Structure formats: C-alpha cells, structure tokens
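See below for the structure under consideration.
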2 protein chains.
Amino acid sequence: MDVALFTLLPEEGLAIVLGTRDRDPFAGRPALFGGFLRPGSDGSATDAAHRLLAEKAGLADVFVEQLMTFSGPDRDPRGWSVSIAYYALVPFGRLAEARPGLAVWPVGRMPPLAFDHDRIAAAALARLGGKASYSTLPAFLLPKTFTLPELKAVYEAVLGTALNDSAFRRKVMEMRILEEVPEKRGATAGVRRPAQLWRLAADRLVEFDRTV
Amino acid sequence: MDVALFTLLPEEGLAIVLGTRDRDPFAGRPALFGGFLRPGSDGSATDAAHRLLAEKAGLADVFVEQLMTFSGPDRDPRGWSVSIAYYALVPFGRLAEARPGLAVWPVGRMPPLAFDHDRIAAAALARLGGKASYSTLPAFLLPKTFTLPELKAVYEAVLGTALNDSAFRRKVMEMRILEEVPEKRGATAGVRRPAQLWRLAADRLVEFDRTV
DNA sequence: TCAATAGTGTCTTTAAGACAATATATA
DNA sequence: TATATATTGTCTTAAAGACACTATTGA
C-alpha cells in the first residue's frame with residue numbers, strides 16, 4: 001500500500017509530504033508512505049493506511065480516502081506488484097507533531113519519486129482537484145476551525161483557480177455545510193476586521209449537488 | 001477481483017448481469033464475475049477484468065473501469081481477503097453473444113448476492129449515478145450509434161431523474177462530444193419522424209466541466 | 001391528411017459573477 | 001480617525017427550464 005499525504009503551505013499552497021526510502025530499490029529517494037497490508041491485524045485497507053501514516057509519518061487521526069489500486073510488472077523493479085493507494089490530507093500546523101525528517105514539496109515542483117509514486121501522486125492530485133469543487137474535501141487541509149477567507153483560499157489552492165467571493169459565501173451558506181463557532185479570529189495581529197470562525201457541520205466528507 | 005456488469009433493458013432500465021457461483025462458499029448463488037489476478041500473464045488489474053469478463057461472461061471489448069478495492073476479514077467466510085472491484089457496461093444487444101445462463105436483474109430488485117457482492121454492486125451503482133452527470137459514461141450502455149432521444153433516455157435511467165429535453169440537446173451539442181452519422185434511424189417501424197444517428201466523438205470516457 | 005415522435009425557438013426563471021457599499025477590529 | 005480586511009447588498013450576465021411551435025415520416 002502507498003499513501004500520498006498532502007498539506008497546505010501558508011505561502012506556497014498545496015504541497016506533498018514525503019518520506020525517504022530506507023532500503024533498495026530506490027534507497028534514499030523521496031517516496032510516498034508505503035508498506036504492506038497486515039491481513040491479520042489490519043481491519044481493512046483503510047485501517048492499514050492509518051497505521052502506515054502513524055508508523056511512517058508519526059500522524060494519527062488524519063483524513064484518508066482510497067484513491068485506486070495500481071498494478072503491473074513495471075511499477076517495482078523486483079517484478080509484478082499491486083498497491084492499494086490512498087491519499088491523505090493534514091493541516092499544516094499538525095506537521096509540528098509529525099516525525100522529523102519528512103520532506104515537504106509544493107506540488108508544482110515535486111522531485112522524482114521512488115517506484116511509480118510520481119504517477120500515484122499525479123492521480124491523487126487529479127482526484128483532489130476533481131472532487132474539491134463538489135465536496136468539503138479541501139476543508140480537511142485546514143484546522144478544525146477556520147474563517148471563510150481561509151476556506152475560500154484553500155478551495156482556490158486545490159482547484160488552481162480564483163473563485164468569486166460573494167458567490168462563494170452565498171453557496172457555502174446555502175449548502176449549510178458549516179456551523180458558526182462563537183469566536184472571531186483576532187490571532188493574526190493587525191489593523192483589520194477580524195473574521196468569524198466556522199467549523200464543518202459534519203465530521204466526514206460531504207458531497208454537494210452543485211459546485212463551489 | 002470482481003466485476004459488476006451493467007446493461008440497459010429496453011423496458012426496465014438499468015440492470016445488472018450476474019453469473020452463478022459454481023462452488024462453495026455460496027455455491028449456486030448469483031454473483032459478480034470474480035476470479036484471481038494472474039500476476040504473470042495479466043498485464044494489469046484492468047487486463048484481468050477484461051479476461052474475467054471474457055472467461056465468465058463470454059464478452060470481449062467491454063467498457064470497464066476500476067471501482068475500488070474492498071478488503072477485510074468479513075467479506076469471505078474463509079477469512080481475510082482483498083478484492084479489486086471493477087464495473088463494466090455493455091449494450092443490451094450484445095448480450096446475445098454472451099455466455100448462456102447469465103441472469104439479468106433490474107437494479108431495483110437484485111437478489112442477494114454471494115460474498116459482499118451486494119455492497120460492491122451498490123458502490124458501483126453509486127459511482128455510475130455520480131459520474132453520469134458529468135461524463136459520457138451512460139453512452140457505453142448504448143450501441144456505437146444512437147439517437148439523441150436514446151441518449152437522453154439512458155442518462156435518465158442512470159441518473160434516476162428526468163432531464164429537460166431542449167436543454168439536454170443544447171448542452172450535448174455545445175460540448176461537442178458527438179459526431180453525426182450520415183444516417184437516420186428508420187429501423188423502428190412506425191408512423192413517426194426518424195431520428196438522426198450519432199456516435200461518440202471519442203472512443204474513451206470523456207468528462208465534462210458541467211452537467212447534462 | 002393524421003398520428004406520433006424528432007427537433008427548434010423563445011420566453012421565464014434561477015444561479016453565478018461583478019463590484020460598490022458597509023462593518024469592525026487596532027494603531 | 002485611518003487602515004485593512006471582512007461581510008453584505010444589488011445590479012448584470014449567463015445558464016437552465018418550460019413549453020409552444022415546426023419538421024418529417026408512413027399509413
């Protein structure tokens with residue numbers, strides 16, 4: 001199995017978090033978080049994805065979703081193989097608690113990865129971009145509470161396109177995917193109006209019947 | 001691996017095509033087309049899905065796409081297992097060339113299936129319904145050439161909802177996903193205006209940036 | 001010509017986008 | 001009060017839906 005982990009850099013936007021291959025083939029190369037399914041102890045492939053993120057990235061309770069399964073004779077130089085690939089999203093702030101030594105690369109300039117991990121990462125990015133417009137997916141790159149300008153910014157980062165501000169607010173409110181947190185963001189010191197804080201109304205991914 | 005095969009019944013709409021388990025567990029039960037990946041000879045899981053459809057359903061050159069991978073201790077009574085699931089679409093007319101003895105059930109009243117195949121079939125149906133609105137997916141349930149009323153009907157069957165006729169034509173034409181076949185459908189004898197025939201402009205699945 | 005479905009044109013309704021105006025913090 | 005962003009309101013534009021009208025075939 002392989003897990004592609006993404007985060008949102010404050011300046012650089014969407015980025016991938018990578019480990020390093022510790023043995024051949026591809027020893028020393030940046031790589032997705034990979035490992036073998038343990039049919040005995042893992043309750044499912046999704047459980048295994050969580051376990052791998054805990055073991056290799058030091059992160060628990062991260063949003064994960066199955067991407068797809070890759071297979072064939074060419075993806076591993078040792079021969080025919082299968083990998084169930086997952087993608088995962090973590091807010092940038094939580095990387096402080098991650099295992100040290102991880103590499104973080106803006107998705108626009110990723111290094112060459114081990115195995116067929118470039119292809120898996122590309123597929124994960126395509127899925128992310130596709131699913132973002134009709135779901136709460138990008139919100140899992142933010143902390144539990146966030147402002148509307150932050151939410152809009154993460155949608156724009158994942159979609160790679162600017163959104164209309166008042167239309168975005170209108171739609172988000174009409175879809176009732178958020179609930180108000182009785183607090184404002186004063187943290188970012190500065191001379192400006194503080195923004196209302198919100199959280200996702202549902203803990204899980206929600207899909208819409210329209211587009212943000 | 002397991003493949004969920006769907007077709008479009010002329011009267012009953014979307015239907016699933018099933019085989020029968022020929023041994024325990026679940027001997028005699030209707031089931032998806034299942035079998036084992038052959039890492040040596042199969043070039044990929046997608047190749048294996050095609051092989052299984054050929055072997056078990058007698059159908060070659062059918063549209064297939066990976067659904068997702070199911071895993072866990074409970075899906076097979078013999079113990080922990082993994083299955084890479086695919087879905088496939090075949091025009092009703094091609095079932096004539098299929099292996100005899102297959103069962104065809106409207107998706108609204110499917111019998112209980114072997115293993116966790118009910119769950120896989122449900123996931124395939126959900127994917128079909130979700131992806132239909134922004135892709136040419138439903139067209140793979142029709143023969144190579146079809147009329148616009150037929151295309152609209154198959155979208156309606158898969159989406160489970162009625163579509164606006166003139167808007168449907170407008171959008172399909174604006175998206176340029178079809179090319180005209182220099183023929184009309186006179187086949188269906190009767191007192192009515194014959195319809196223009198069309199075919200998909202691209203042989204593969206095309207995704208839109210809007211909805212039909 | 002009639003019946004029955006195919007296909008077009010146009011008006012109405014609804015959603016999205018642009019953008020000005022107002023609100024609210026702190027220095 | 002001035003500054004900088006947050007938030008709201010409203011006008012414009014574009015897309016979707018409703019539906020009447022025209023087209024084309026064989027009986």
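Bear in mind that the values here come from a model prediction, so they are computed numbers and not experimental data. Here is how names work: the chains are called A, B, and so on, in the same order as the sequence lines, proteins then strands, and each is numbered from 1.
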Whole angstroms only, please: what is the CG-C1' distance between A:Asp165 and D:dG9? 13 Å
Send over the distance from A:Leu163 CG to C:dA15 C1', rounded to a whole Å. 15 Å
Protein-nucleotide distance (B:Glu180, atom CD; C:dA6, atom C1'), rounded to Å: 13 Å
C:dA16 P sits how many Å from A:Asp209 CG, rounded? 10 Å
Quick note, ring-ring contact (aromatic ring centres under 6.0 Å, His included) partners involving residues 120-148 of chain A, not counting sequence neighbours, are A:Phe63-A:Phe140
Do the side chain of A:Arg193 and the base of C:dA23 come within less than 3.5 angstrom through a donor-acceptor pair of N or O atoms? yes
Please evaluate residues B:Thr69 and A:Thr69 with respect to the criterion side chain to side chain donor-acceptor pair (under 3.5 Å), reporting the C-alpha separation (whole Å), side-chain torsions for both, the decisive distance (0.1 Å), and the verdict. CA-CA 7 Å; B:Thr69 295; A:Thr69 295; 2.5 Å; yes
Nearest to the side chain of A:Gln196 - D:dA4, D:dT7, C:dG7? D:dT7
CD of B:Glu183: more than 12 outside heavy atoms within 6.0 angstrom? no
Nucleotide nearest A:Arg210 (side chain, heavy atoms from C-beta), chosen from C:dA6, C:dA16, D:dT7: C:dA16
Can you measure A:Leu178 atom CG to D:dT7 atom C1' for me and round it to whole angstrom units? 15 Å
Does a donor on one side chain sit under 3.5 Å from an acceptor on the other, for B:Arg199 and B:Thr145? no
Phosphate-side-chain proximity, A:Asn164 and C:dA16, N/O vs OP1/OP2 below 4.0 Å: no
Quick check against the 3.5 Å criterion: does A:Arg29 have a side-chain atom that pairs as donor or acceptor with the backbone of A:Leu113? yes
May I ask you to check whether A:Phe26 and A:Phe115 place their ring centres under 6.0 Å from each other? yes
If you look at every heavy atom in A:Ala114 and A:Arg21, which pair is closest and at what distance? CB-CG, 3.7 Å
Positions of residues 167-176 of chain B (non-hydrogen atom under 4.0 Å from DNA chain C), listed by number: B:Arg169, B:Arg170
In whole angstrom, give the distance that lies between atom CZ of B:Arg185 and atom C1' of C:dA4. 17 Å
Please classify the nucleic acid contact of A:Ser166 as base, sugar-phosphate, or nothing, using heavy-atom distances under 4.0 Å. base
Rounded interatomic separation in angstrom, taking OH from B:Tyr134 and P from D:dA16: 17 Å
Report the distance from atom CZ of A:Arg192 to atom C1' of C:dT22, rounded to the nearest whole Å. 18 Å
